[in-house]
Every structure is written in structure tokens, then in C-alpha cells.
Amino acid sequence: MVTDRRLGGRTTSALGIGCWAIGGPFTYDGRPAGWGEVDDETSIRMIHTAIEGGVRLFDTADVYGAGHSERVVGEALGQLSADVRDGVIVATKFANTFDEESRVAAAGRPTAADIRKACDASLGRLKVDAIDVYQLHGGADNAAEAEVIVAALEELVAAGKIKAFGTSVDAPAVVATFGRSAHAVSAQMQINVFGHRAESLAAAREHGLAVLARTPLAMGLLTGKYDLSNRPALDDVRRDTPWWTYFDDDAMADWLQRLDKVRELLTTGGRTLTQGALAYLWALDPAIIPLPGARTPEQAAEHAAAIPFGPLPDATRQEIDDLMADSPERQ
């Protein structure tokens, strides 16, 4: 059994659930940015199933579905009893611009006034009095820009609108700047079997921040569901993105070959491939809290069932690292 994790002054489950996919379709800088059509009742049952399985952390963003993901999360948690709801931590993000009606979004560079406005809007969509963890989603690339953002977030803490904050911008200088604040509790970054940015992980470690691992399943490639003849739909964000190449025409075959190298190691001890990918992260660093996305109750149940297995043996984790040494995400 993997143990609970510290997230600032609170404890939470060693596993969270990412809520990008339940936001539904939207566009970002002119590109499809959703994961396809969604059914809100199914999404709500997914969240409830995750909680029943021991998950107490949900990560979303105001831009996911142009506000829709936050609304679904707020509705799902509002249906819980007070004692269950009090144990759940919601992390959301700010910095992008969007229109809820047209579902059109774009990158932003937020001012202090923008952040206050975005926070108030997220509070309304989530139906909460204070946001547990409020995360920078973009718009600050260096320490000087991050300092301005941190100052605005400190004002929100003082106003009682957020309890703590973190950064989803994983540039080491930004992570370090956030880490110097007493109210910063987390740094979110891309980490999975294929690799991670070592400098960012080191910066989070140095400042005692929880590490929220996005793309722990390589956008679904590490579930084993996809192959060259079965890829996400053309209007799925995973097929047209500047951030990952897992499903690109000229790269997917290479990623699948790397997966084949470690498939047996990841399924050790009776784990599914998905559960092994999560267990790898727990073995990599005890500060890591994976945030696999989920759209259905069945996916949430499989994710949560990884918790009793615990981390992979360290020798197995090391063998995976050796086999993945040539991965582009480790260079």
C-alpha cells in the first residue's frame, strides 16, 4: 500500500485524478484542445468512483472545456456528504483566457487584476468559498515574472480566497521562486516512464514542494489501449498538440517500441499496465502524486486500485530507467 502524501499543511491520497478530459471540446490558439464529447453524469460518477477508491485530490483548470470541467467538479463534490467533501482537495489553475459560450481559449499573461478576476470566477464554478490549491498555468517564464504572480497569490491567501498555491509552469527558476513562499505547496510537471525534466524535479525537492505529475500515462499511451491502427480521433487534443508527440504520425511507432521494452516490468506483481506506470512514479520519488486523467468510472476504479499495490520495487524501477535511457524525454 502506498502511503498518503503531504500537500502543504494537509495530507492527501498518493494519487489524484486529472480532470482535463471531462471538460469536453474547446479550442486553444485555434487548435482542438478537448478530448472529445463528454457526458456530465458519467463524469460525476467517475469522480464519485475515484473517491470511493480512496482518491482525495482532483486537479482541474479554468480553461479545461472553457470552464466546464470546473463546473462538473463542483457539481460532483456538491453531491457528497459534508464529512466526505471536507477530505477532498481541489486544485485548479489560472492564466489562460477563454469564452465559456464559444469555448474558444488562448494563452494569457495575467496581471494581478486578471488573477483576482479568474479566482472569483473559479470559486463560482467550483461552488466553494476558498480554493485548496491555486496553480499558475502559464504566462510566467522566469523568476522576475513569477515573483509578480506570487505576490498576487499571497494577496488571495490573505483575503481567504485560496488556501495555498503552486505552479504548473515547471521552469526550474519559476519552481524555485514559488518554493520560497510559505504558502506554495506544489509544483506540477510532466513525469512518466518515458522521462522527466530532472532540473525541475530537483528544484521541487529542494524547496519541499509536492510534485503533481501530469501526463503520468503519457496521455493514454501507457495504458496499452492504443496502437498504430487505433489512435485518438483527429479532433482529440492528443493528435494535434505542440506539447507531446506520443500519437504523432512520425513518432508513435518509436514510443510503442519503448513501451514494449518495459511492458513486462510494469505489469509485475499482477498490476495492469496502467497501474504499473503509476507505481513507477511512486518508486521514483516519494514526493510525487500522479494525476492520471479519467473519463469513466471504470478508468477511475483502475487508477485507484493501483494504490494497494504500492510502488514498484526499486530494482525494477532502476531497470526501467536503464531501458529508457535513450528516450527523448530523458535527454
**OP:** Could you tell me whether the side chain of Val150 reaches within less than 4.5 Å of the side chain of Glu147, counting heavy atoms only?
**Re:** no
Original post:
Got a donor-acceptor contact below 3.5 angstrom from the Arg116 side chain to the Cys119 backbone?
Top reply: no
**OP:** Check side-chain hydrogen bond (donor to acceptor under 3.5 Å, both in side chains) between Asp114 and all other residues, then give those that pass, not counting sequence neighbours.
**Re:** Thr111
Subject >> Considering all heavy atoms, the nearest Asp248-Arg231 contact >> reply: C-NH1, 3.9 Å
Subject >> Minimal non-hydrogen separation, Asp240 against Pro32, with atom names >> reply: OD2-CD, 3.8 Å
Subject >> Closest heavy-atom pair and its distance - Ile22, Ala294 >> reply: CG2-O, 3.6 Å
Original post:
With no hydrogens and no angle check, is any side-chain donor or acceptor of Arg5 less than 3.5 Å from a backbone partner on Thr3?
Top reply: yes
Original post:
Roughly how far, to the nearest 0.5 Å, is the CD atom of Glu329 from the CG atom of Asp326?
Top reply: 12.0 Å
Original post:
Can you tell me if Asp322 and Gln318 form a side-chain donor-acceptor pair at under 3.5 Å?
Top reply: yes
Original post:
If you measure from CE on Met252 to CG on Leu259, what distance do you get to the nearest 0.5 Å?
Top reply: 9.5 Å
Original post:
Do Gln135 and Ser168 get their side chains close enough for a donor-acceptor pair, meaning under 3.5 Å?
Top reply: no
Original post:
With a 4.5 Å heavy-atom cut-off, do Leu136 and Phe94 have their side chains touching?
Top reply: yes
Original post:
Same cluster for Ile115 and Val148 if Ile/Leu/Val/Met/Phe/Trp/Tyr side chains link at under 4.5 Å?
Top reply: no
Subject >> CA sep, side-chain torsions, deciding dist, call: Ile191, Leu284, side-chain contact (heavy atoms from CB on, under 4.5 Å) >> reply: CA-CA 10 Å; Ile191 310 180; Leu284 181 65; 3.9 Å; yes
Subject >> Single-linkage hydrophobic cluster Val175~Val169, side-chain heavy atoms < 4.5 angstrom >> reply: no
Original post:
Name the one of Asp321, Asn192, Thr316 that satisfies side-chain hydrogen bond (donor to acceptor under 3.5 Å, both in side chains) with Tyr280?
Top reply: Asp321
**OP:** Taking all heavy atoms of Pro290 and all of Ala14, pick out the closest pair and write down the distance.
**Re:** CD-O, 3.1 Å
Original post:
Are Pro242 and Arg31 side-chain neighbours, meaning at least one heavy-atom pair lies under 4.5 Å?
Top reply: yes
Original post:
Any side-chain heavy-atom pair from His207 and Arg180 closer than 4.5 angstrom?
Top reply: yes
Original post:
Between Met324 and Val262, is a side-chain contact (heavy atoms from CB on, under 4.5 Å) present by the stated rule, with each step listed?
Top reply: CA-CA 8 Å; Met324 291 291 104; Val262 296; 3.8 Å; yes
Subject >> Pairing of Arg10 and Asp132 as salt bridge, 4.0 angstrom limit >> reply: yes
Original post:
Any sub-3.5 Å donor-acceptor pair from Thr42's side-chain atoms to Val38's backbone N or O?
Top reply: no
Subject >> Joint hydrophobic cluster, Leu221 plus Leu273, side-chain heavy atoms closer than 4.5 Å >> reply: yes
**OP:** Supply the atom-to-atom distance Leu209 CG to Ser200 OG, rounded to the nearest 0.5 angstrom.
**Re:** 11.5 Å
Subject >> Trp244 and Gln190 side chains, donor-acceptor separation under 3.5 Å >> reply: yes
Subject >> Ring centroid separation Tyr226 to Phe247 under 6.0 Å >> reply: yes
**OP:** Kindly indicate whether the side chain of Tyr134, heavy atoms from C-beta on, has any atom under 4.5 Å from the side chain of Leu123.
**Re:** no
**OP:** Could you tell me whether the side chains of Tyr64 and Lys93 share a donor-acceptor contact shorter than 3.5 Å?
**Re:** yes
**OP:** Determine whether Ile51 and Met1 fall in the same hydrophobic cluster, where Ile, Leu, Val, Met, Phe, Trp and Tyr are linked whenever their side-chain heavy atoms lie under 4.5 Å apart.
**Re:** yes
Subject >> Spatial distance of atom CD1 (Ile320) from atom CD (Glu264) [nearest 0.5 Å] >> reply: 11.0 Å
Original post:
If only atom types and distance count, is the side chain of Asn230 paired as donor or acceptor with the main-chain N or O of Lys225 below 3.5 Å?
Top reply: yes
Subject >> Side-chain (Arg238) to main-chain (Tyr246) donor-acceptor, under 3.5 angstrom >> reply: no
Subject >> Rounded distance [0.5 Å steps], CD in Glu75 versus CG in Leu77 >> reply: 9.5 Å
Original post:
Is there a side-chain contact between Ile131 and Lys161, using heavy atoms and a 4.5 Å cut-off?
Top reply: no
Original post:
Could you state the interatomic distance from CZ (Arg258) to CZ (Phe194), rounded to the nearest 0.5 Å?
Top reply: 8.0 Å
Subject >> Where Ser69 and Cys19 come nearest, the two heavy atoms and their spacing >> reply: OG-O, 2.7 Å
Original post:
Does the Arg271 side chain pair with the main chain of Phe309, one donor and one acceptor, at a distance under 3.5 Å?
Top reply: yes
Original post:
Listed by chain and number, what are the salt bridge (charged side-chain N to carboxylate O under 4.0 Å, His left out) partners of Arg239, not counting sequence neighbours?
Top reply: none
**OP:** Using a cut-off of 6.0 Å, state whether more than 12 heavy atoms not belonging to Asp86 lie near its atom CG.
**Re:** yes
**OP:** List the atom of Val174, the atom of Asp141, and the distance in Å for their closest heavy-atom pair.
**Re:** CG2-C, 3.9 Å
Original post:
Do Trp35 and Val237 have side-chain heavy atoms sitting under 4.5 Å apart?
Top reply: yes
Subject >> Heavy-atom check, side chain of Arg125 versus side chain of Thr60, under 4.5 Å >> reply: no
Subject >> Short side-chain donor-acceptor distance under 3.5 Å, His68 and Asp40 >> reply: yes
**OP:** Look at the rings of His183 and Phe165 and say which category their plane angle falls in: under 30° parallel, 30 to 60° tilted, over 60° perpendicular.
**Re:** tilted
Subject >> Expected output: side-chain Arg109 to main-chain Gly139 donor-acceptor under 3.5 Å >> reply: yes
Original post:
Yes or no on side-chain contact (heavy atoms from CB on, under 4.5 Å) for Arg205 and Val211, after CA distance, side-chain angles and deciding distance?
Top reply: CA-CA 8 Å; Arg205 275 200 197 107; Val211 176; 5.9 Å; no
Subject >> Short side-chain to backbone donor-acceptor contact, Trp20 and Ala33, under 3.5 Å >> reply: yes
Original post:
Under a 4.5 Å side-chain heavy-atom rule over Ile, Leu, Val, Met, Phe, Trp and Tyr, are Trp255 and Leu265 clustered together?
Top reply: yes
Original post:
With the threshold set at 4.0 Å, does a side-chain nitrogen-carboxylate oxygen contact exist between Asp314 and Arg317?
Top reply: yes
**OP:** Check step by step if side-chain contact (heavy atoms from CB on, under 4.5 Å) holds for Glu302 and Thr223.
**Re:** CA-CA 11 Å; Glu302 181 180 7; Thr223 67; over 6 Å; no
Subject >> Residues clustered with Leu212, ILVMFWY side-chain links under 4.5 angstrom >> reply: Leu7, Leu57, Ile89, Val133, Val185, Ile289, Leu291
**OP:** Using atom types as modelled and distance alone, determine if a side-chain donor or acceptor of Ser13 lies under 3.5 Å from a backbone N or O of Arg56.
**Re:** yes
